[in-house]
Amino acid sequence: MNVIARVLHRVASPRGISRVGVLLAGLSATLAWGAQNGLMAVSVSKGKDDAQIVKIQFKQNVAVEPVTFTTSNPNRLVLDFADTSSALGRGTEEVNTGAIRSYQAVQSGERTRLVINLTGPASYEVRRDKNTVFAVLQASGRETQRVGKMASPAAVASPRYAVRDVEFKRGNDGEGRIIVTLSAPGASLDIQQKGKTIQVDLMQTTLPAPLQRRLDVSDFATPARLVETFQQDGNTRLVVTPRGKWDYYAYQVGDQVIVELRSLDDPQARADRPVYSGEKLSLNFQNVDVRAVLQVIADFTGLNIIASDTVTGNITLRLKDVPWDQALDIIMRSRGLDKRMSGNVIWIAPRDELAAKEKAEKEAKKSMEELESLQTRSYRLNYVRADDAAVMLAGGSRRGIRSEDEATCSPSSQGIKSESDTSGQAGLSATGAPPTATGTGQGSQWTGRVLSNRGGSSYDLTTNTLIVTDTLDRHAAVEEVLKEIDVPMRQVMIEARIVVADDTFGRDLGVRLGLSTRGSPGGARIGLSSTGAASQTTATGTGAISSTGYNVNLPNATGVANAGTIGLTILNAAANTMLSLELQALEADNRGKIVSNPRVVTTNLKPAVILQGTQIPYQTVSQSGTQTQFKDALLCLLVSPQVLNNDAVILNVEVQKDAQGVNTTAGPAINVKRVKTQVRVNNGETAILGGIFEQTTRDDTSKVPLLGDLPILGHLFKSNSKTDEKSELLIFLTPRLIDEGMVSRLY
């Protein structure tokens, strides 16, 4: 046996089947001891279409087909013959013809393995005829030479299997599954992807006429659109036409051939689908002990696979070019098994057995915790508060904002509130109730609890020390949790810019026209002036002819005293007539901009406020007498930041920019500009929180009816006023994460 092991080590590569030979002794343990057959000769001949036929002769008839599988790196075809000895007596035999480079036969215990080294990827088919096994290999890209065209057509050409049923089902995750049920296990199949279709050939298999059909399965909402089955050259061909982006795998379990398609278009389907990354292999097992199959996979991967004693039974399985981890999942699903992996060791057992074992382990661990003695340790914390840490260990959650951390835009100082107590108890009662400060449910609902039901904790805020009493295992968990949460809080500087801009344009044209005269046509005295009293004075002659008023009084609308004016007076003493004219014109163009730039630094989840402004006094009179009150006109930045793990910052922010307005009888008016919102901004980027744009446009005309409508002269009887006022408010916000010592540099 030692000599055989050394031979296996020399002829096999470090990967793939290199380790299978070492485990052949373990495989043979599952079979009866004592070789019943013998490998006598191996020969290679050329078939049609450049196919290579490997003829393997034995001393007696071969009862079952060998276990076969392939590897892709390097490319090999491996055939395992149970209860067989080797009489070849030689090592590697060079061929270097077609798809075959060489072959070697190695015996280990009561099992003989034939390894055929290939020049590249190749398709193959294995058939047995009495005491001879034929392996037909064809290099990729050419159709495989069928065994029916070889030396013994009578023995292998007649159909050996029949299709019983062809079903289509939709899986729970939206996959399409085509299930072909055969009359017996062991049918050979060839699976290829040709263009946009999947072609499956079942060799030497008949298809009843009712099953030769074309099915439209698009209504099932799977990647499959058409499934077509028909008879061709003594074989059954299955053609599947998918749609969209898809992936597939096919395998044979017992008397069923299963083709499964999964969509790649649905992101959720891609997320739910298991990801297989193992090296691809092909397997062909005909009624083989499932433990032997697991041994082959263990040897192929180099992992240690331990199968429970309850893993029994045989399996018929054929897989082609599937990852080894997917092949293992298929084997386990077909036998109702499950696995647990630790390092490079895989434990395989029935699902119920694994679940029962894990439950027993948990119950045993729980019993040990109830009996284990308690240890008391103190933990000096650097950044997190000890009372917050105690709440989290008891299964609670730490809030980012405390009641004493609240901030407002009040001009009165709120002061800093001190802690009322310097020590506390955060342990749980015998029933496991959580601390009342957290305000959530009973201990049985606290799934995040780190301490055991017997454990408890207390804290001292003066030294920021946490004192924990619990078992040693729980102390290890406490240390891991404290290592993660006892970290410095991120600091962030928030800078705001409030820009208030206005642009005002106004144009006023006004006129004043006065006419005063008197006369006595026909002996009647007539007086004309701006008012009735002035006209009487003029008519009686008790007053001189003068401009005591204006008949047309339409000055500029704004009433600005320093508007440009021009006056004209015409006096005719002989006619006792005086004409006065005054024109007013004003044009104003005002532009202004106010920029406010408050900034404040705070830690993560801690609110901060900075404000500046004026308290405007005004007096009120009541029954209590005259009192002085104040109105606030403030610039205020109130913000509470939350720093995310990707350095983005979520800001709950309120910006206020008030200013004094006009004075009223009730006191001064306050022009209010304010925004309150939540926004997410990346570190160092600037966000526009909002803006207000106002524009007022007016074109007013005041005139004397009829006279104001006269051409040219009508301008003496009307005034015009045009106004165009624009105002705009923009608020910008920029958060910057800062490190230690950076605050002074920023200011």
Side-chain angles (χ1 to χ4, degrees), residues 361-362 365-366 368-405 417-492 602-607 640-650 737-741:
E361 290 177 351
K362 291 180 179 179
K365 185 177 180 180
K366 183 178 180 181
M368 289 296 297
E369 287 184 350
E370 294 176 353
L371 298 176
E372 187 176 355
S373 60
L374 301 180
Q375 304 287 334
T376 300
R377 294 182 182 179
S378 60
Y379 300 90
R380 185 72 61 88
L381 305 178
N382 297 319
Y383 304 103
V384 68
R385 287 170 53 116
D387 54 345
D388 289 338
V391 170
M392 284 184 281
L393 293 180
S397 299
R398 176 173 53 155
R399 295 186 58 195
I401 302 176
R402 296 171 175 268
S403 59
E404 63 267 18
D405 295 333
K417 299 179 181 179
S418 61
E419 295 294 333
S420 59
D421 62 326
T422 58
S423 63
Q425 175 67 29
L428 302 189
S429 64
T431 60
T436 56
T438 57
T440 58
Q442 294 300 317
S444 58
Q445 301 172 352
W446 283 61
T447 57
R449 179 177 170 83
V450 180
L451 301 177
S452 66
N453 291 333
R454 299 167 59 209
S457 64
S458 59
Y459 57 86
D460 177 37
L461 287 180
T462 58
T463 59
N464 203 34
T465 300
L466 180 67
I467 303 170
V468 178
T469 300
D470 214 324
T471 62
L472 290 178
D473 289 343
R474 293 305 177 103
H475 274 293
V478 168
E479 291 179 0
E480 291 296 325
V481 172
L482 294 180
K483 186 185 299 183
E484 294 294 330
I485 66 175
D486 190 25
V487 294
M489 296 187 66
R490 306 290 296 274
Q491 293 190 96
V492 57
T602 184
T603 57
N604 186 26
L605 297 174
K606 296 297 181 181
S640 178
Q642 179 184 358
V643 182
L644 305 180
N645 293 328
N646 60 354
D647 285 348
V649 183
I650 294 178
L737 298 178
I738 58 179
D739 55 16
E740 299 295 333

L482 vs I485 side-chain heavy atoms within contact, under 4.5 Å: yes
State, with a plain yes or no, whether a side-chain heavy atom of L374 is found less than 4.5 Å away from one of T471. yes
Minimum-distance pair of heavy atoms, taken over all atoms of [X] and [Y]:
X	Y	answer
L472	Q375	CD2-CG, 3.5 Å
D486	L381	OD2-CA, 3.7 Å
N604	Q642	OD1-CA, 3.2 Å

Listed by chain and number, what are the side-chain hydrogen bond (donor to acceptor under 3.5 Å, both in side chains) partners of R454, not counting sequence neighbours?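 For R454, no residue satisfies side-chain hydrogen bond (donor to acceptor under 3.5 Å, both in side chains) once neighbours in sequence are set aside.
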Among all residues two or more places apart in sequence or in another chain, which pass the side-chain hydrogen bond (donor to acceptor under 3.5 Å, both in side chains) test with T376?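 Testing T376 for side-chain hydrogen bond (donor to acceptor under 3.5 Å, both in side chains), a comparison that skips the adjacent residues, returns T469.
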Among V649, L605, L737, side-chain contact (heavy atoms from CB on, under 4.5 Å) partner for P641: V649
Between [X] (side chain only) and [Y] (backbone N and O only), is there a donor and an acceptor less than 3.5 Å apart?
X	Y	value
D387	L461	no
N464	R380	no
D470	L451	no

With E479, which residues qualify under side-chain contact (heavy atoms from CB on, under 4.5 Å), at least two apart? R377, Y379
